[in-house]
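Reviewing the structure listed below.
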Amino acid sequence: MTLLVKGGTVVGPTGTQVADVLVQGEKIVALLDPSFSQSITPDEVIDAAGKYVIPGGIDAHTHMELPFGGTAASDTFDTGTQAAAWGGTTTIIDFAVQRTGEVVQDGLAAWHAKADGNCHIDYAFHMILGGVDTDALKAMDQLVADEGITSFKLFMAYPGVFYSDDGQILRAMQTARENGAMIMMHAENGIAIDVLVQQALARGETDPIYHGITRPAALETEATSRAIALAEVAKDCPLYIVHLSASGALEAVASARDAGRNVFAETCPQYLYLTLEDQLGAPGFEGAKWVCSTPLRSKHESHAKDLWKGLRSNDLAIVSTDHCPFCMKDQKELGVGDFSKIPNGIGGVEHRVDLIYQGVVDGQLSLERWVETIATTPARMFGLYPQKGIVAPGSDADLVIYDPNATTRISVDTHHMNMDYSAYEGVEIQGRVGTVISRGEVIVADGNYHGRKGRGKFLRRGLSSYLQ
């Protein structure tokens, strides 16, 4: 079957062009001058006049069905990947989990079992290492060589759950340096944070805002700097800082990058738009909706402004969501009277493409940089390029037709994530995802869903393009 996306403006990382996109089967086979397309008779034509044609979004940081804090993320691979598709994301990279004492390969198998046959879009996995020992280090080599898992996440936070000490981190980094993998780091000083949390609770400071106050920006900056130093000792092991939220942490990343180091970072929409005071500090228990880690930062400081600048300058490479949704009822409510028991996470996989496009409207980013941060760079960073992340012959026909003249109003009443609230309730975007195509198949069009669970394929990833 042939499909022609006609009359749109194709946006890529290097520029825009008016071109028709010819799709055959699951692949893009040509970008054509519109005058030439008149000689083609495809099976289906989609009119993209006046709209942008961009590669399907790649969300490189999601947590579907993640067990956390006595409950589990409310989106399954079924509901979460369908919501992603509605929002113009056609690939996710989720995190398989190994905890202390568990076999790494068993953790990966458990996540394959959750996802297999349930995903609406293509998916891949990173691997969380919660227990770094000799067996886990050997497993890293095996996963890179045989399983298409080429990135491993470590935690400087959550003592007793996922925490790795500096010695364990160094050993994992040394292993990654040898096998070519990327080390992803949750960079917060969890040991110090736990002290601050217990002190706050002892003072009777139990409201959600204290989640942010007890995770100060200085402890994100310290941990980020320490991770960068450990990676240097590990012969410049590739390092990727996840969900970066603080100006000081960004400065540490920028300094390392200026020195030519293999250091990269992402941020998330919540740190660009939401704040400690307005969201976490909402009256009563309402602020629990926005409890995530790293936390939302103060609007009285320059964090959000600096993050937008970091995206423009490429010191921040990617916008992911850290999608880890929990409902207020029976989940976030576990922390009533004790903010430390509120499950950490915000749902946003459906809104990332729109929210970052609003940055284009607001003059924060160029069209090209929008596409880079939501699609092209994630593909390159995590070994999926050029199969994903670009509108080009030979690439998968993952396409989004985006209407800059329409508007989107975000609300719990209209979103498709399995959540009983929206973290972005009432936000209006000057643009809208129209048609979504995944491997040549139209899965969203005209406000209707045409996809199905089980059509998403697992992607075995190669090494990062930035390290070869």
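At a cut-off of 3.5 Å, with distance as the only test, a side-chain donor of D362 or Q358 sits close to an acceptor on the other residue. Using modelled atom types and a 3.5 Å distance limit, the side chains of D59 and T89 yield no donor-acceptor pair. Between the side chains of D75 and H323, at least one donor-acceptor pair of N or O atoms lies under 3.5 Å. Using modelled atom types, one finds no donor on one side chain facing an acceptor on the other under 3.5 Å when comparing T407 with E428. Inspection of the R461 and S151 side chains reveals an N or O donor paired with an N or O acceptor under 3.5 Å. Side-chain contact check for D306 and S247: at least one donor-acceptor pair (N or O, by modelled atom type) lies under 3.5 Å. Side-chain contact annotation: S464 with R380, donor-acceptor N/O pair under 3.5 Å absent. Between the side chains of E368 and T14, not a single donor N or O lies within less than 3.5 Å of an accepting N or O. T91 and D122 are not linked by any side-chain donor-acceptor pair at a separation below 3.5 angstrom, with hydrogens and angles left out of the test.
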- Query: Can F152 and H126 be said to form a ring-ring contact (aromatic ring centres under 6.0 Å, His included), step by step?
  - Reply: CA-CA 6 Å; F152 299 87; H126 310 288; 9.4 Å; no
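In this structure the side chain of I183 never reaches within 4.5 angstrom of the side chain of R177, judged on heavy atoms. By the 4.5 Å heavy-atom criterion applied to side chains, L250 and L316 are counted as neighbours.
Applying the side-chain hydrogen bond (donor to acceptor under 3.5 Å, both in side chains) test to Y424 and every residue at least two apart in sequence or in another chain returns nothing. Listed by chain and number, the residues in a side-chain hydrogen bond (donor to acceptor under 3.5 Å, both in side chains) with T377 amount to none (sequence neighbours excluded).
Interatomic distance, NZ of K114 versus OG1 of T76, reported as 10.5 Å (0.5 Å rounding). In this structure, CE in M419 is found 10.5 Å from CD in E350, a value given to the nearest 0.5 Å. Separation of atoms CD1 (I92) and NE2 (H63) is listed at 11.0 Å; rounding is to 0.5 Å. Atoms CD1 and OG1, from I346 and T321 in turn, are 10.0 Å apart once rounded to the nearest 0.5 Å.
Shown here for R460 and E147, the closest heavy-atom pair between the two residues is NH1-CA, 3.3 Å. Nearest heavy atoms, V412 versus S422: N-CB, 3.6 Å. In terms of heavy-atom proximity, K153 sits nearest to F95 at CD-CE2, 3.3 Å. When all heavy atoms are compared, the tightest approach of A181 to N179 is N-OD1, 2.9 Å. Among all heavy-atom pairs drawn from P208 and F339, the shortest one is CA-CB, 4.1 Å. Here the closest heavy-atom approach between residue E425 and residue S411 is recorded as OE2-OG, 2.7 Å.
A distance of 6.0 Å or more separates the ring centres of F77 and H120. Aromatic ring centres of H303 and Y271: separated by at least 6.0 Å. Between Y158 and F68, a ring centre-to-centre spacing shorter than 6.0 Å is recorded. Separation of the Y52 and Y402 ring centroids does not fall under the 6.0 Å cut-off.
Ion pairing between K341 and D338 holds under the 4.0 Å rule for side-chain N and carboxylate O. Salt bridge status for D354 with R432: absent, with no side-chain N to carboxylate O gap under 4.0 Å. Taking a cutoff of 4.0 Å between a charged side-chain nitrogen and a carboxylate oxygen, D420 and K329 do not qualify as a salt bridge.
Here side chain to side chain donor-acceptor pair (under 3.5 Å) pairs that include residues 225-246, with residues two or more places apart or in two chains, are D166-R226, H186-H243, E220-S245, E222-R226, D236-R261, D236-N262, Y240-E266, S245-T294, S245-R297.
No more than 12 heavy atoms of other residues, nucleotides or ligands sit less than 6.0 Å from atom NZ of K309.
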